There are 2 protein chains.
Amino acid sequence: MQNLTRKQRDVLEFLLQEPPPFAYPPALEELAAAMGMKSRGSLHRLIQGLLAEQLIEPLDRRHPGVRLTDKALALGRNKPEAANALRYVGKIAAGRPIEALEDQRYMTVPDELKTNQPCYVLKVQGDSMVELGILDGDWVVIEQRCHARNGEIVVALVNKSEATLKIIEQYPHEVLLVPANAQMETMRYHPSQVEIQGVLVGQMRSYRPLTLK
Amino acid sequence: MQNLTRKQRDVLEFLLQEPPPFAYPPALEELAAAMGMKSRGSLHRLIQGLLAEQLIEPLDRRHPGVRLTDKALALGRNKPEAANALRYVGKIAAGRPIEALEDQRYMTVPDELKTNQPCYVLKVQGDSMVELGILDGDWVVIEQRCHARNGEIVVALVNKSEATLKIIEQYPHEVLLVPANAQMETMRYHPSQVEIQGVLVGQMRSYRPLTLK
DNA sequence: CAAAACGAGAACAAGTAAAGAACTATTTTT
DNA sequence: AAAAATAGTTCTTTACTTGTTCTCGTTTTG
C-alpha cells in the first residue's frame, strides 16, 4: 500500500511473511513481542493505521487477535491491483437490510470515484434515485462515515433494519429521507430512528450485455 | 519533459527504471542513499523541480516517501503500469470534435466496466443522454470498434468533424442518431456521413465536492 | 568568466514511534 | 457471585524520522 508509514508497512510485511508467523490471529501483546516491541499500546496505533486502509479486520474483544483482510492477503500475493481495490459489500434495496455477499469480493475503483477515507461498493436495486441518474443495477461507491450534511446522498439504516439510499435532510426534531423519484414519497423519521452508514462519493454502471451478479 | 535539469532527469529515470528500485515510496534519505548522494537536502531541491512539473506527488510527512504521478508513469512507459488502466482520452461534447488532453492520462477502471477489447475513457459534456442516466461531467468507457448494433450507444463521428454520444439506428439508406433527451432532435444522416468510433460499455460519476480537471 | 546547478551539511518543524501506566470490557477462575 | 486474568483502548512522555530551509563551497554550462 502506498499511504502507509514505514512502521505500518513493517507490521503488514511481518504479518504477510511466508510462512505465516502465527497459526492463529495473534493478540496485540504477542504480535508486539514477536516484532521485538515491548508495548502493545504502541502497536495499537500502527494497527489503527492499517485498519484505516482496510488491511486489517476491525478488532473485537470477543474474538481477539489481529486478522488481515482479503485485500491485504491479495496484496501479499503481489497483486498490485489490490492496492486500490474496494470491498464490494453487496446489494442495497430500499426498505431491506443490505444484502451481503457470501464471499468477499473487491472492485478496482478509479481514484476519481473515491476519497481518502475508507470506502466500499454497493449495488443499487430499485429506482429511488433515478432522477439523479442512479439506476437499478448501478454500483455506488460509499465513503464510510456516520454523519452527513443536508443534501448529501447517504446510505441510511432506518430502525436498525432497513437500509436505503436517499438524499438526507436533518433537522433538530426530524430527519427526511428524500428519494429522487417523483413516484416515491419522502420519508420522515425521528433522528433516533435513522443511522447514517455512509455517503455517496461515486457511481458506476456497466452496459455490457452479459454482466453477472 | 524538456525543461528539467540534468540531475532532475536522473532522479526521474532512476525512479522509472524497471524493475522499480523500491517496493514502496522511498523517503528522501533512502532515495538519496540509493542514488549515491549523501544529503537529502540536495535531493529535496531536485524533487521540488519535479514537483513543479507535476511528475511527483506532493510530499507529506504523514505518508512519507516519494511517489510518482500518473503523468510521470505515463511518460516513463508507453503503456501505464497497471494492467487495468485505460487511456483517458479527453472530452466529448455533442457537435464538436473530441477534445483531447495535452498530456496522456490514465484511469484504473474496474473490470466490470470494460470488455476484453481495447477500451478508452471520455468525459461527457452536455445533456444528450440524461434520460438514460448519463449526465454532464460523467465519464464513459468506450469499446473501440467501428460497427454497432441498432440500439447501442455509440461515439459517432459525423461528417468527419463532429463527435457525439447517441443511440444509433442504422438502415440501408439512413442512419439515425437518437438522443436520450426529449428536448433534443433525432438527427438523420446518410450512412457515408457517420463513422462509428466506439460503443458504450461503462459509465462512471464522481460525487466528490472537489473533483479537479 | 558569470550564472546556474549541485552536493554536503547544519538547524528546524512537524509528525511518527516506543514505552509504560491507567482504564474498560469480557472471559475465566475461584 | 466475586475475584482474577485477559485483551483492547487511551493517554502521556520521550526519542526519533522525515521533510524543509539555508548556507557555503564546488561543479557544470552557456
Side-chain angles (χ1 to χ4, degrees), chain A residues 1-17 20-69 72 116-118 144-146, chain B residues 1-15 20-69 72:
Chain A
M1 199 25 147
Q2 297 294 56
N3 295 347
L4 298 179
T5 66
R6 163 170 296 286
K7 276 296 167 187
Q8 286 167 3
R9 203 160 38 231
D10 283 352
V11 173
L12 182 60
E13 275 175 21
F14 184 85
L15 291 170
L16 281 170
Q17 76 184 270
F22 294 94
Y24 50 90
L28 287 181
E29 185 81 52
E30 291 173 293
L31 182 55
M35 296 197 61
M37 298 169 62
K38 288 173 184 164
S39 154
R40 67 209 142 117
S42 333
L43 181 59
H44 183 261
R45 197 142 91 92
L46 300 177
I47 295 289
Q48 289 306 309
L50 295 175
L51 213 149
E53 296 290 340
Q54 300 185 296
L55 294 167
I56 281 186
E57 300 288 350
L59 295 175
D60 177 359
R61 261 180 262 256
R62 269 164 286 193
H63 305 293
V66 337
R67 269 175 295 268
L68 295 171
T69 61
N116 298 325
Q117 305 305 311
Q144 192 160 18
R145 61 175 141 107
C146 54
Chain B
M1 266 303 136
Q2 258 356 312
N3 23 1
L4 296 180
T5 67
R6 168 180 216 85
K7 275 294 168 188
Q8 284 169 358
R9 223 181 337 257
D10 282 354
V11 173
L12 184 59
E13 275 174 25
F14 184 86
L15 290 170
F22 295 93
Y24 50 88
L28 286 181
E29 186 81 51
E30 291 173 297
L31 182 55
M35 295 195 63
M37 298 170 64
K38 287 174 183 164
S39 154
R40 66 204 145 122
S42 326
L43 180 59
H44 183 261
R45 193 176 8 183
L46 299 176
I47 295 289
Q48 289 307 308
L50 295 173
L51 212 150
E53 296 290 337
Q54 298 187 304
L55 294 167
I56 282 186
E57 301 288 350
L59 297 174
D60 176 0
R61 252 180 271 258
R62 270 166 292 195
H63 305 298
V66 176
R67 270 176 288 267
L68 295 171
T69 60

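Any value given below was found using the heavy atoms of this structure, including those in side chains, with hydrogens, waters and symmetry copies removed. It should be emphasised that the depicted structure is a prediction, and the values quoted were computed from it without experimental measurement. Lettering of chains follows the sequences in order, A, B, ..., and the numbering in each one begins at 1.
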Atom of E57(A), atom of L51(A) and distance for their closest heavy-atom approach: O-CD1, 4.4 Å
Spacing between E29(A) atom CD and dG20(C) atom C1', to the nearest angstrom: 12 Å
Test log, rule side-chain hydrogen bond (donor to acceptor under 3.5 Å, both in side chains), inputs Y24(A) and E30(A): CA-CA 11 Å; Y24(A) 50 90; E30(A) 291 173 293; 2.7 Å; yes
For A32(A) against L43(A), the heavy-atom pair lying closest together: N-CD2, 3.5 Å
Residue pair L12(B) / I56(B), side-chain heavy-atom distance below 4.5 Å: no
Close side-chain approach of L55(A) to L4(A), heavy-atom, < 4.5 Å: yes
Minimum side-chain heavy-atom gap R67(B)-N3(A) below 4.5 Å: yes
Shortest non-hydrogen separation from L46(B) to K7(B) and the atoms involved: CD2-CB, 3.8 Å
Contact nearer the 5' end of DNA chain D, comparing P26(B) with H63(A): H63(A)
Atom pair distance, as rounded to whole Å: CG in L59(A) and P in dT26(C): 14 Å
Contact interval (first through last nucleotide) of DNA chain D with protein chain B, 4.0 Å heavy-atom: dT18(D) to dT29(D)
Minimum side-chain heavy-atom gap L28(B)-V66(B) below 4.5 Å: yes
Closest non-hydrogen atom pair, F14(A) against P21(A): O-CG, 3.4 Å
Within 6.0 angstrom of Q54(B) CD, more than 12 heavy atoms from elsewhere: no
Within residues 32-50 of chain A: residues closer than 4.0 Å to DNA chain D (heavy atoms): R40(A), G41(A), H44(A), Q48(A)
Sub-4.5 Å side-chain heavy-atom contact between L50(B) and E53(B): no
Stems formed with participation of DNA chain C [Watson-Crick or G-U wobble, under 3.5 Å, three or more pairs]: C:1-30 with D:1-30
Distance-only donor-acceptor test (3.5 Å): side chain R62(B), base dT16(C): no
d(CG, L4(A); P, dA17(C)) in whole Å: 10 Å
